[in-house]
Amino acid sequence: MTRFSTLQQALLERARASACSVHFIGNDGDERTVSYRALAERAQALLGLLQARSVAADDELVILTERLDAFLDTFWACVLGRVIAVPVAQGSADEHRLKFFRIMAKLQRPFVVTDRKSFDRLQTFAELSPDDPLCAAALRRLEGRVLFIEDISSLDTPGKIHEARPDDIAFIQFSSGSTSAPKGVVLTHHNLVTNIAAIIDGMGSLNGDSCLSWMPLTHDMGLIGFHLTPLFGDVDQWLMPTTLFVRRPFLWMLKASEHRITITCSPNFGYKHFLKTLTPDKIAELNLSPIRLIFNGAEPISAALCEDFLQALAPAKLKPATIFPVYGLAEASLAATFPPPGRPLDTVTLSRQTLGPGEKVQPASSTAQTMRFVRLGSALNDCELRIADTNGQALPDGTVGHILLRGGNVTCGYYHDPERTAPTINAEGWLDTGDLGAIIGGELIVTGRYKEIIFVAGQNHYPQDIEEVLARQAGFELGKVAVAGARPAHTNTRADADEVIAFVVFKGEDGDFLPLAKQLRRAVNEHMGLVVDMVVPVRQLPKTTSGKIQRYLLARDYENGTYADTVARLAALDAATGSATDAQGLGDLEAWLLTLCGNYLPGKTLTVNDNFFDLGTSSLTLAQIYEEIDAAYPGLLDVETLFENPSIRAIAAQIHQRELRSRVS
């Protein structure tokens, strides 16, 4: 593989000599192909328009769009113009919009490329938050500095390329974790080309390969792993919108079969979502024998779920050694450790009682006290790995400690945030990842998160953020509610995500607690798009002497069954008092919707007026419901309307109104 010193150099070389392309998969499964040469030409033409709008080298430019082609045009325009790209995920919840404004506050003089609908939603959110000066200040700063994708028509004048240097910032990756204070990971061209070269070496030569991804381009796996890496490796790549995968998960493997894809990816929640809709007749359509690697990362890896996936697709000729479990994070550009490619999934089962920091791991003496971990390989080229104590000193193999990284792929710090950089990267260049793990047989296992991050559906969620939403949106008193991620003992061997557990200080009767729990679930779901799996009443929250909540103690007690009787008692009371479902007397559309939604919400009592968020419905489930509705009533409901009108009665009203309008027109 040709070694490049910057992203800019890689794109220009591929534009000059490559015969490969980016293939964009559309919402109907149709495709549009853009060669690497055309990609560079489009980017340079857009750069000309940006420069005409006063965007200069070393300025910051926020990319806020779900359109894959528009994202890449803008990203590469930034690369060619030596503009600092700032990819930002859109999201549909209020917290995502607030995160945008918090990111804006960390930038110096940003420009924004987005679509009108997305920007209108941001403006509406700001208008509904008059007491938040952050939003108003950001909008004032953006006056005259927003370019709408809809306004881009003729691009006749190529922009002026500003040569990039290895140490220049290529882009800023804002972490998907804390929204209250988002961290902007600075990634230079040197960081990225170092990591990409190591990735290609680590997974074997890309000669003859082809790549497919549905991961968002705002995520490091999507952008670095499945756009930049195939471009550097000079192979074809297929990109599928994440929202399309959510609605039609089978299309992922259908396209892999159709194009004889050899490398693809998915975190745990993607496998789980895919398997929900898989049927024998669908499997019969597939030939997955060309696939050699399916990257699994972005969240803790469930061996059992990987095995279920492999077993389900074995009739489609998916080879048993294709799952490729890896470890990495944005601060390491993307990847830190890989196992040997082509090796079957390799796991180790350990005692739950010996996984604390500084403890020597031990095999379990009973199956009830075990945790199974996937072996994630060893450090990639130009990246060092150390398991350390709290002082940064190396620990012997087999001992749990802090996972530290150092190398050319590791960020120099967080953008304009020295207070966060200092405790994260020490004077010797070691990055504290915040994860705990151990080296066993020369390979890394990850045992947990030191700072209580909760992993759900490929995203990091900080407990403090959820608690802040509850205080701001639902009136829960800070210090009287705590949120933690937990994995109960009876499910630990199959867990593919943390359970989100909320603990509320409460001293009343059980019957009075149920409405409180429903209110809590609704607030978190509506404002963060996150499902709270369990709400538990507690007499008090454990705290340190300085008043900090000890969430890990709550999670430990939950995992050990301390609250099992309370949870069972509340569930029984909820079932006994729940309103019975009765479709009699409903209109045909409402009755049909009631049956449809009931199929996706087994075990829940459902009426036409129930708010889906009150029931703890995930965004993936709502997307599946939407897909069914759209198939029966094409074009009469969009996803945003479903999320903004989350009840059967409201959905039926929307469909009726649009039917009437279509008849009049």
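Below, each value reflects all heavy atoms present in this structure, side chains not excepted, and no hydrogens, waters or symmetry copies. The model shown is predicted, which means the values in this text are computed figures rather than measured ones.
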S.K.: Indicate the ring-plane relationship of H23 and H259, choosing parallel, tilted or perpendicular according to the 30° and 60° boundaries.
M.R.: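 Plane angle under 30°, so parallel.
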S.K.: CG/L244 to CG/L239 distance, rounded to the nearest 0.5 angstrom?
M.R.: 12.0 Å
S.K.: For a quick check under 3.5 Å, do W238 and S210 share a side-chain donor-acceptor pair by atom type?
M.R.: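 Note: W238 and S210 side chains miss the donor-acceptor criterion.
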S.K.: Measuring only between side-chain heavy atoms, which start at C-beta, is F324 closer than 4.5 Å to R343?
M.R.: no
S.K.: Which of these, V348, T349, I445, sits in a side chain to side chain contact (heavy atoms under 4.5 Å, CB included) with R372?
M.R.: T349
S.K.: Any luck finding a side-chain donor-acceptor pair between Y414 and E331 under 3.5 Å?
M.R.: yes
S.K.: With sequence neighbours left out, which residue pairs that include part of residues 235-246 fulfil the salt bridge (Lys or Arg N to Asp or Glu O under 4.0 Å) condition?
M.R.: none
S.K.: Would a distance-only check, ignoring hydrogens and angles, find a side-chain to backbone donor-acceptor pair under 3.5 Å from Q173 to V185?
M.R.: no
S.K.: Applying side chain to side chain contact (heavy atoms under 4.5 Å, CB included), run through L350 and F373 and close with a yes or a no.
M.R.: CA-CA 8 Å; L350 304 172; F373 298 98; 4.0 Å; yes
S.K.: Determine yes or no for a side-chain-to-main-chain donor-acceptor pair under 3.5 angstrom, with N195 supplying the side chain and A335 the backbone.
M.R.: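 Looks like yes, one N/O pair under 3.5 Å.
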S.K.: As a quick check of understanding, evaluate ring pair (Phe, Tyr, Trp, His ring centres under 6.0 Å) for Y415 and F174, giving each step before the final call.
M.R.: CA-CA 9 Å; Y415 195 58; F174 275 93; 7.5 Å; no
S.K.: With heavy-atom distances below 4.5 Å as the criterion, would you say the side chains of L318 and L310 are in contact?
M.R.: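 Yes - at least one pair of side-chain heavy atoms lies under 4.5 Å apart.
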S.K.: Tell me whether E499 contacts the main-chain N or O of A484 through its side chain, where contact means a donor paired with an acceptor under 3.5 Å.
M.R.: no
S.K.: Does K360 use its side chain to pair, donor to acceptor, with the backbone of T354 at less than 3.5 Å?
M.R.: no
S.K.: Between D234 and S18, is any side-chain donor less than 3.5 angstrom from a side-chain acceptor?
M.R.: yes
S.K.: Can the ring centroids of F295 and F226 be said to lie less than 6.0 angstrom from one another?
M.R.: yes
S.K.: Do you see a donor-acceptor pair shorter than 3.5 Å between the side chains of T562 and N560?
M.R.: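 No, no side-chain donor-acceptor pair sits under 3.5 Å.
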S.K.: May I ask you to decide if D389's main-chain N or O and Q393's side chain share a donor-acceptor pair within less than 3.5 Å?
M.R.: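 No: the side chain of Q393 does not pair with the backbone of D389.
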S.K.: Step through it carefully: locate the ring centre of W214, locate the ring centre of F269, and say whether they are under 6.0 Å apart.
M.R.: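 For W214 and F269, the ring centres are under 6.0 Å apart.
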S.K.: Testing the 3.5 Å rule here: is there a donor-acceptor pair between the side chains of Y271 and S302?
M.R.: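 No - no donor-acceptor pair under 3.5 Å links their side chains.
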S.K.: With a 4.5 Å cut-off on side-chain heavy atoms, are L345 and P325 touching?
M.R.: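 Yes; the side chains approach each other to less than 4.5 Å.
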S.K.: I want to check something: taking the side chain as every heavy atom from C-beta on, are Y36 and S21 in contact at a cut-off of under 4.5 Å?
M.R.: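 Side-chain contact under 4.5 Å: no.
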S.K.: Any non-hydrogen side-chain atom of P363 less than 4.5 Å from a side-chain atom of S351?
M.R.: no
S.K.: Please confirm whether F245 and F274 have ring centers closer than 6.0 angstrom.
M.R.: no
S.K.: According to salt bridge (Lys or Arg N to Asp or Glu O under 4.0 Å), who are the partners of E285, at least two apart in sequence or on a separate chain?
M.R.: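 Checked E285 against salt bridge (Lys or Arg N to Asp or Glu O under 4.0 Å); zero matches.
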S.K.: List the steps, then state whether side chain to side chain contact (heavy atoms under 4.5 Å, CB included) holds for L286 with L313.
M.R.: CA-CA 9 Å; L286 304 176; L313 291 177; 4.2 Å; yes
S.K.: Provide the closest heavy-atom pair for P344 versus A321 in the form atom of the first, atom of the second, distance.
M.R.: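 The answer is N-CB, 3.8 Å.
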S.K.: What pairs with T243 under side-chain hydrogen bond (donor to acceptor under 3.5 Å, both in side chains), at least two apart in sequence or on another chain?
M.R.: none
S.K.: Evaluate the criterion side chain to side chain contact (heavy atoms under 4.5 Å, CB included) for residue pair T262 and I291; output intermediate values, then yes/no.
M.R.: CA-CA 4 Å; T262 62; I291 295 179; over 6 Å; no
S.K.: Distance check, rounded to the nearest 0.5 Å: H190 atom NE2 versus I169 atom CD1?
M.R.: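 Spacing of NE2 (H190) from CD1 (I169) equals 14.5 Å.
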S.K.: Calculate, to the nearest 0.5 Å, the distance between atoms CD1 and OG1 belonging to I439 and T337 respectively.
M.R.: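 Going from the CD1 atom of I439 to the OG1 atom of T337 covers 8.0 Å.
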S.K.: Could you check whether any side-chain N or O of R14 sits under 3.5 Å from a backbone N or O of F232, counting only pairs where one atom can act as donor and the other as acceptor?
M.R.: yes
S.K.: Please report the shortest heavy-atom distance between I294 and F309, naming the atom on each side.
M.R.: CD1-CE2, 3.8 Å
S.K.: Between G392 and R386, which heavy-atom pair has the shortest distance, and what is it?
M.R.: O-NH1, 3.0 Å
S.K.: What distance do W430 atom CH2 and T424 atom OG1 have between them, rounded to the nearest 0.5 Å?
M.R.: 15.5 Å
S.K.: With distance as the sole test, does E467 use its side chain to make a donor-acceptor pair with the main-chain N or O of V483 at under 3.5 Å?
M.R.: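 Side chain of E467 to backbone of V483, a donor-acceptor pair under 3.5 Å: yes, one is there.
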S.K.: Taking the side chain as every heavy atom from C-beta outward, state whether Q237 and L212 have any pair of such atoms under 4.5 Å apart.
M.R.: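 No, side chains not in contact.
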S.K.: Okay, side chain of N191, backbone of S333: is any donor-acceptor separation there less than 3.5 Å?
M.R.: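 The answer is no, because no donor-acceptor pair under 3.5 Å joins these two groups.
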S.K.: Taking L288's backbone N and O only, do any of them form a donor-acceptor pair with S257's side chain (distance below 3.5 Å, no angle check)?
M.R.: no
S.K.: Minimum heavy-atom separation for H189 and S5, please, with both atom names.
M.R.: CB-O, 4.1 Å
S.K.: In Å, rounded to the nearest 0.5 Å, how long is the span from OH of Y327 to OG1 of T433?
M.R.: 3.5 Å
S.K.: Quick one: salt bridge (Lys or Arg N to Asp or Glu O under 4.0 Å) pairs with a partner in residues 246-256, sequence neighbours left out?
M.R.: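 Listed by first then second residue: E31-K255, R247-E627, K255-E258.
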S.K.: For R3 and D201, what are the C-alpha separation, side-chain angles and deciding distance, and is it a salt bridge (Lys or Arg N to Asp or Glu O under 4.0 Å)?
M.R.: CA-CA 12 Å; R3 300 281 172 152; D201 286 344; 3.0 Å; yes
S.K.: With a 3.5 Å distance limit and no angle check, can you tell me whether K183 reaches the backbone of R420 through a side-chain donor-acceptor pair?
M.R.: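 A pair under 3.5 Å: no.
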S.K.: Please assess F171 against I224 for the test side chain to side chain contact (heavy atoms under 4.5 Å, CB included), listing each intermediate value before the final yes or no.
M.R.: CA-CA 11 Å; F171 68 93; I224 302 171; 4.0 Å; yes
S.K.: Tell me, which pairs form a salt bridge (Lys or Arg N to Asp or Glu O under 4.0 Å) where one or both residues lie in residues 286-296, sequence neighbours left out?
M.R.: D209-R292
S.K.: Within the structure provided, determine whether L404 and L385 are in side-chain contact (heavy-atom separation under 4.5 Å).
M.R.: no
S.K.: Which distance, rounded to the nearest 0.5 Å, do you find between the CG of N296 and the CD1 of I301?
M.R.: 4.5 Å
S.K.: Side chains of L231 and L11: closer than 4.5 Å at any heavy-atom pair?
M.R.: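 Yes - at least one pair of side-chain heavy atoms lies under 4.5 Å apart.
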S.K.: Identify the two heavy atoms, one from A85 and one from F75, that lie closest to each other, and give their separation to 0.1 Å.
M.R.: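 In this case the closest contact between A85 and F75 is CB-CD1, 4.0 Å.
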S.K.: With sequence neighbours excluded, give me every side chain to side chain donor-acceptor pair (under 3.5 Å) pair touching residues 396-412.
M.R.: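 Counting only pairs at least two positions apart or across chains, the side chain to side chain donor-acceptor pair (under 3.5 Å) contacts touching residues 396-412 are E384-R406.
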S.K.: Which atom names give the shortest non-hydrogen contact between I25 and P241, and what distance separates them?
M.R.: O-CD, 3.1 Å
S.K.: Give a yes or no on whether K282 atom NZ has more than 12 heavy-atom contacts from other residues, nucleotides or ligands under 6.0 Å away.
M.R.: yes
